[in-house]
Each structure stands twice: as C-alpha cells, then as structure tokens.
Visitor: 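Following this message is one structure expressed as structure tokens.
Order of appearance sets the numbers: ligands from 1, and atoms from 1 within every ligand.
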Amino acid sequence: MLYHTHMMRRPSPFRQQSEEDEDLSWRERLVRFVRSVPGALAGLARSLRLVWETNPWLTLGLGLTTLLLAFVPASTIYLNKLLLDAVVMAIRESARADYYLRLIAILAGLQLLLNLVMSLLNTLSNTFQQILQDETASRVQYLLIEHAHTLDMAFFERSEFYDKLQQVQQEAMLRPVMMIAGTFSLLRNALTFGSMIVLLVRLEWWLAVIALVAPVPAFIADARYGWRGFQLRRRQSQERRMQAYLVNLLTTDSYQKEIKIFNLGPFFIERFKQFAERFLSEERRLVVRRYLAGFGWGTLTTLVSSGTFLYVAVQAVSGRVSIGDLTLYTQAANSVQNNFQNILSGFSSMYEHNLYLSTLFEVLALRPEMPRPANPVPLERPFTRGIEFRNVTFYYEGRQEPALRNVSFKLEAGQTLAIVGRNGAGKTTLVKLLARLYDPQEGQILVNGHDIREYDPDELRREIGIIFQDFVQYQLLARENIGIGQVDFIEDRARITTAAQKSGADEVIARLPQGYETMLGRWFEEGHHLSGGEWQKMALARGFMREAQILILDEPTSALDAQAEHELFARMRELTRGRIAIFISHRFSTVRVADLILVLERGEVIEQGSHEELMARGGRYAELFNLQASSYR
Ligand SMILES: Nc1ncnc2c1ncn2[C@@H]1O[C@H](COP(=O)(O)OP(=O)(O)OP(=O)(O)O)[C@@H](O)[C@H]1O
C-alpha cells in the first residue's frame, strides 16, 4: 500500500478543481449549472452535426420514432379511462349491455392497436439508435486517427495529449449518439409531459404543481454526481494509462522473453492489481453514493404520488369523479412525475455527456503547430545542391540542455555523410530535424538550396527515405512490409523484388513458407517470426523501395551478421548512386567510406572531414577509430 500513496497521491492538475467542488454552496452550484447551459447547447449542436453527418436517415428515423412515442402514454391512459367507464356503465345499465359490450370491444381493439404501434415504434427506435451508435463510434474513431495523423511529432511526446486521447477512447465514442438520443427523449418526455398536464389540470391545478416540484432535488443530486464521476475519470487518466501499459507489457509477444527471464510477471501483475483496487474502490464509493442519493430523493416522489392517489380516491368515493377518471388521474399524475424526473435527469446526463464530449472536441480542435508555407517552393529532382545545416540549435520540449548546439556542415549532391558519436550525442535528432519532424529553435536547414520550411513538409518527406534504429516491425505480409516504403507502389511486385534484392531480404523471403505472401510477426494467424537481423533486412528493403533523393540509415547494420554487413556495404555505393546517403553508425569500418564524417559530442560537431583528414588530425575520431581497430586485432 506504500506504493499507492507514493504513486497515486501525486499532485494532479485536476485534483484541486474537484476538491474545490466539495466546498461549493448550493448557490454557487446553481450558478455553475446555469453557466454550463450554453456549453451543453454547443456540445449538443456539435454532436448533432457529427451524428447527422454519420447517417442522416437514421438520425431522422430516431427523431421521428422518439417523437411519435411521446403521444402514446396519454392516449393509452385516456383509452383506459374510456374502457373502465364503459365497464362501469355496462354493469350499471344492464338494459344497454350489448351496446356497452360492443363499445368495450372496440376500445379494447384500439388499445391493442396502440400497444402494437408502441412496440413497433420502440423496436424501430432501438434499432436505429443501436446502428447509429455503432456507426458514430466508428466514425469518431476514424476522425480521431485521421486527425492524430495531421499532428506534429511533438504532440505525441506530451503526456497530457495521451491522457486526453485515452479518455476520449474510453469514454467519448458512444457519447455523441447518447447525447442526441438523450435530447430526443428529452423532447419526447416534454411532449408526454405536456399532454399529461392537460389531463391532470382538469382535476386540480395544484396537483400538477406538486408533481413538478418533487423531483427537483433528485435532479440536482444526480447532476452533482455526474460531475464528480467526470472529475474522477479525469484524475485517474494518467494511472489508467499506466494500467493499460501494464496489460500491454504482459500480453505482447515482444515483451514476453524478458518478462519471463527476469520473472517480472508477478511484479507487474501485483502492480496492476494495486491500480485496479484503487480505481474500483473509488468508483464503488461514487456509484453507491450516487444511487443511494437517487433512492432517497426518489422516495420523496413516491410519497407524493401516494398522496395524490389517496386524494383522488376520496373524491371518487364522494362521487365527484368517475372510476375511469380515478385511474386517469392517478396514472397521469404518476406519469407527470416520471416525465418531469426524466426531463431533469435527461438534462443532468446531457451535462455529463457534454463534459466527456468537450474532451473529444478539444482533441479534434488541436491544430499542428509547425507552420506550413502558404506557397511552398516546389522541390526539384534530382537535387543539384545538396544539404546544408547553418548554426542549428535544437531543444526538445521541456529540456534545458540542447540536443543539438550550433551545428553547421555542408554536403554536396550525391555525397555520403556518416555521423558518429556516443549514445545520446544527438545523431538521430539531426536526421529527424532534416526530415522536419521538429523545427530547430535557431539556425537553418537547407535542402537543394532552400530552407526546408519553404517546402511542403509532405513533399520534402517524400524525398527522404529513413530507416530508424527502432524501425517498425509491421505485422503485415512480407511484400507489404517492403511495399509500404513507397505506398503508392505497394502493388508493384518488380519494384518490391528489386528492393528486397538490394537489402538481402530476398534470401529471407525465399525461406518463408508462402514467400512474399507470408504474414510476418505472430499477432495474426499463420504469422511467421523473423530474427532481429532478418527484420532489419526487411526494413532496409523498405528504405530501398523508396526512390528518394536522400537515404538515411540509422545504424542500418546493427543486427546484421558480419557477412551480410560486408555484402551490404560492398554494394552501398552502387545502391545509393546519385543520391545523398546519410549513415549513423558505431562501426568505423562502415564510416570510413563516407565523403564527410561528422563527430558529434553532446549535441556539438567537434570534428568534421573525410576519414583521411580526421585521421591525419589525430583528434577524437582518430582516437575512437584506433580504439575500435585495436579491439579487432
Ligand atoms: N523525443 C525526445 N524528447 C526529449 N528528449 C529526447 C527525445 N529524443 C531524444 N532526446 C534526447 O536528446 C539527446 C540526443 O538523442 P539522440 O537520439 O539524438 O541520440 P543519438 O546520438 O542518436 O544516440 P544513440 O547512439 O543512443 O542512438 C538525448 O539526450 C536524448 O535523451
């Protein structure tokens, strides 16, 4: 439990807000509620647009059936009254029993018809809502991934962004339809309510007033718990993300090896359990309190309706109203109370839906921060002017130390650059900046004579083929694993085969049971597992698939065996002919062939030149080169 207090009591940006909530007076709560109305209406309008765009016909169908249903209860109650009165008359006036029996039969037939219509409308309404719900959830998911795709790299490195995404995925998918269905049923309740009031006022106006007032406290209590529930989820979202991460750790193939060998299973499972216990107990407390409060206030309503019944029954005994009227009045009074309660709780759940939806719309409203040029300079192929970094300094968000400091170098078209340096020196950062995953805070990067900010980022990236050190092992077919290197050519078998030959992946594929049609990875049926080096050859083929002007390989041979590495580098000149090639490597044997070598240390270029120049200089490069060469002797 120590772990709990340490992990969970961490200050959270949302905690303060929710604790303030506990101290609010009724008046302040009312003010907050009234202030939230415009927000809820805006949320309603946005949801309506979303749902309507998903499927206008179903939305219309749901609206129509819901509204038609509004008039069923009053009609049923009125028919009941007529039926009862006819029964009483038939008993009283036995001479005209035949007439009344016929009337009873007609009324009973109408009642049956009404019930059938009601059940049909209910069925349609439920069907429409269910389908609309599924379609909207899928569309929200689609909008989310489509939107996430437009956002800059930096968003994905911010934990608040992940928290919001997580919250949206857990809570916001079904809310738009719930909001709309809630609004329709609100209207429905309002109409039913109106029709009942008409029936009720015929007896005593003040009975209508009592029925109206009784459910108000229950509504306020419910809205308050809705707000608390939302606050709780918000507060927990960091921890819930950690919990999802633990599940992922324990259920994903690539983590299993290490988890088994270090015997981490029980450790992570225990950690998961602690999170779960904490969430469940918080959740339980809230649910119990919410429903107990609902029960308490609901009892008030029940007392009022019993009182009403007693009053009207006494009236019936004294002959002031008929037996039919007695049932009508008691049913209508009940219905008014229920409807009014439904209307109020409808408002409170709309308020709750809106809280979750606002997070969804917040995420969807995020815009990329990296500016795109209004009139981009076209990127000419082939490059004639190479690459230049001019005094580039770059800080990652939230970091005090720059990852790159005042980096300058120049590379001609067709040349090869090698970047060396210790772990964390900034090598990968440098190539990420070249691909404009981030913009540097100072300095300029030029590609083919223009600042890269003048190009359209997508067009720039089309000319860059990168295979990162932590390349992705796509759980897709072998040919797709290569083809996605240039996705518009994914069906081009000749190009895929050529790329595979260049990286040596063709030999790997030749040994696979279905060749290019083999599923890779173990996540899906008949997936085939590859070794680290085999995966790397697939990733390299992906790089060669792309006929980009700049080919960047971040430790491209780290997992290859000595022979494969040698073969690749023996052909590297030919493979990258006419293009700019950039390697990041810790192996000096591969580095020495480069036209230009940059030695990075703590984000700074401390030496640059060809292998011969740097060796002659006798500096850091020469020292590292000799160090590595001696270990091979
Ligand atoms: N996304 C990120 N957010 C914040 N800091 C980062 C991020 N990526 C890298 N860094 C930091 O920037 C510095 C340079 O990292 P970089 O990945 O460029 O090093 P590298 O030279 O490629 O290292 P290696 O040889 O280990 O691959 C490191 O201190 C690292 O912690």
Side-chain angles (χ1 to χ4, degrees), residues 148-149 151-163 165 238 241 245 366 368-370 387 389 391-409 411 416-443 445 452 457 461 464-473 532-533 535-536 539-540 543 550-560 565 581-591 594 596-608 614 620-621 623-625 627-628 631:
H149 168 70
L151 296 178
D152 311 327
M153 189 71 196
F155 281 99
F156 293 89
E157 288 162 358
R158 291 178 195 153
S159 77
E160 321 93 73
F161 175 69
Y162 269 123
D163 280 345
L165 264 189
Q238 283 262 357
R241 206 144 59 70
Y245 173 68
L366 290 173
E369 290 158 1
M370 208 182 256
I387 295 174
F389 271 55
N391 306 318
V392 170
T393 298
F394 173 70
Y395 294 81
Y396 280 107
E397 215 167 78
R399 298 287 287 251
Q400 301 299 320
E401 281 288 299
L404 289 180
R405 195 196 303 262
N406 211 16
V407 170
S408 297
F409 68 89
L411 194 69
T416 310
L417 169 73
I419 311 172
V420 299
R422 304 187 54 180
N423 295 131
K427 305 181 293 294
T428 306
T429 305
L430 192 151
V431 298
K432 286 201 280 191
L433 288 187
L434 180 61
R436 210 170 166 221
L437 291 180
Y438 311 94
D439 278 337
Q441 282 79 5
E442 285 166 40
I445 301 169
I452 55 173
R461 287 178 199 141
I464 297 178
I466 300 196
I467 296 306
F468 283 110
Q469 194 178 356
D470 51 353
F471 59 84
V472 181
Q473 303 180 352
W535 271 118
Q536 194 163 35
L540 274 169
I550 304 173
L551 181 67
I552 302 172
L553 303 172
D554 189 350
E555 302 197 27
T557 57
S558 56
L560 297 191
E565 186 185 8
I582 302 178
F583 308 113
I584 297 175
S585 184
H586 292 293
R587 300 201 194 182
F588 283 75
S589 52
T590 63
V591 167
L596 178 69
I597 300 166
L598 293 185
V599 184
L600 277 184
E601 208 160 278
R602 292 172 168 224
E604 283 182 276
V605 177
I606 54 162
E607 287 172 23
Q608 58 177 303
L614 294 178
R620 186 96 180 110
Y621 177 83
E623 184 191 332
L624 289 170
F625 184 87
L627 191 74
Q628 211 171 71
S631 65

Visitor: What residue and atom, counting heavy atoms only, is the protein's closest point to atom 1 (N) of ligand 1, and at what distance?
Guide: E157 OE2, 3.0 Å
Visitor: For H586, take its heavy atoms, then give the atoms of ligand 1 lying under 4.0 Å from any of them.
Guide: 25 (O)
Visitor: Which option out of G426, G603, G424, P402 puts a heavy atom nearest to atom 28 (C) of ligand 1?
Guide: G424
Visitor: Looking only at protein heavy atoms, which one is nearest to atom 18 (O) of ligand 1, and how far off is it?
Guide: T429 OG1, 2.5 Å
Visitor: For the residue pair Y438 and M370, what are the closest heavy atoms and their distance?
Guide: CA-CE, 3.3 Å
Visitor: Can you tell me which residue and heavy atom of the protein come closest to atom 26 (O) of ligand 1, and the distance to 0.1 Å?
Guide: N423 ND2, 3.1 Å
Visitor: Does some side-chain heavy atom of F155 sit less than 4.5 Å from a side-chain heavy atom of E369?
Guide: yes
Visitor: With a 4.5 Å heavy-atom cut-off, do L430 and L598 have their side chains touching?
Guide: yes
Visitor: Report the nearest protein non-hydrogen atom to atom 27 (O) of ligand 1: residue, atom name, distance rounded to 0.1 Å.
Guide: Q469 OE1, 3.1 Å
Visitor: Which residue supplies the protein heavy atom nearest to atom 22 (O) of ligand 1, what is that atom called, and how far is it?
Guide: T428 OG1, 2.6 Å
Visitor: Sequence neighbours excluded, which residues qualify as side chain to side chain contact (heavy atoms under 4.5 Å, CB included) partners of Q473?
Guide: F471, W535
Visitor: R620 and E607: salt bridge (Lys or Arg N to Asp or Glu O under 4.0 Å), yes or no, with the steps?
Guide: CA-CA 8 Å; R620 186 96 180 110; E607 287 172 23; over 6 Å; no
Visitor: Just to confirm my output: which protein heavy-atom neighbour is closest to atom 25 (O) of ligand 1, and how far is it?
Guide: K427 NZ, 2.7 Å
Visitor: Of all the non-hydrogen atoms in the protein, which one sits nearest to atom 30 (C) of ligand 1, and at what distance?
Guide: R399 NH2, 4.1 Å
Visitor: Just going by heavy-atom distances, which of Y396, Y438, Y395 is nearest to atom 11 (C) of ligand 1?
Guide: Y396
Visitor: Heavy-atom count check: over 12 atoms from other residues, nucleotides or ligands less than 6.0 Å from Y245 OH?
Guide: no
Visitor: Check whether any N or O atom of A403, backbone or side chain, sits under 3.5 Å from an N or O atom of ligand 1, and answer yes or no.
Guide: no
Visitor: Pick from L551, I419, T416: which one makes a side chain to side chain contact (heavy atoms under 4.5 Å, CB included) with I582?
Guide: I419
Visitor: For the residue pair V392 and N406, establish whether any side-chain heavy-atom pair is separated by less than 4.5 Å.
Guide: no
